Amino acid sequence: MRNRITVNVAGQELHLLVAENEEYMYRVASIADQKIRSIVEASHVSASQASTLACLNIIDELLRANDQAEHMRAQLKDYIEDLSKAKMEINDLKRDLIRLRNNAAN
């Protein structure tokens with residue numbers, strides 16, 4: 001179900017039709033508004049320029065987060081492979097221990 005909401009970003013009232021949770025979209029709009037306003041205040045550029053800069057900053061953050069997530073996935077895959085090898089070694093050692101005990105008992 002789609003919801004119609006109104007948000008204010010950088011002084012502009014925007015009417016959105018969203019499928020997401022309304023609170024989530026208000027949060028998204030609030031973050032965009034904060035980023036744009038902070039750029040306007042820090043750089044004294046127009047809202048349009050600040051919006052473009054905010055967009056670039058957000059995309060940069062997204063790409064860095066994606067790269068970090070991919071690195072973490074690769075690291076997790078390596079850990080899982082190491083765990084699998086360790087389990088195999090444990091099983092081999094258990095078999096060796098049972099064999100040695102059986103040989104010692106005979």
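Note that this is a predicted model, so its numbers are computed, not measured.
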Side chains of Gln75 and Lys77 in contact at under 4.5 Å (non-hydrogen atoms): no
For Gln12, side-chain contact (heavy atoms from CB on, under 4.5 Å) partners two or more places apart: Leu14
Considering all heavy atoms, the nearest Ile5-Glu22 contact: CG2-CG, 3.6 Å
Donor-acceptor contact present, side-chain Glu41 to main-chain Ser38, <3.5 Å: no
Main-chain N/O of Ala10 paired with Asp33 side-chain donor or acceptor, under 3.5 Å: yes
Ser84 side chain vs Ile80 backbone, donor-acceptor pair below 3.5 Å: no
side-chain contact (heavy atoms from CB on, under 4.5 Å) partners of Tyr24, counting only residues at least two apart: Glu20, Asn21, Val28
Atom CD of Gln68: over 12 foreign heavy atoms under 6.0 Å: no
Val18 reachable from Val9 in the ILVMFWY side-chain graph, under 4.5 Å edges: yes
Pairwise side-chain contact, Lys35 with Ile58, heavy-atom cut-off 4.5 Å (strictly under): yes
pair Lys94-Ile90: side-chain heavy atoms closer than 4.5 Å: yes
Ser30 side chain vs Tyr26 backbone, donor-acceptor pair below 3.5 Å: no
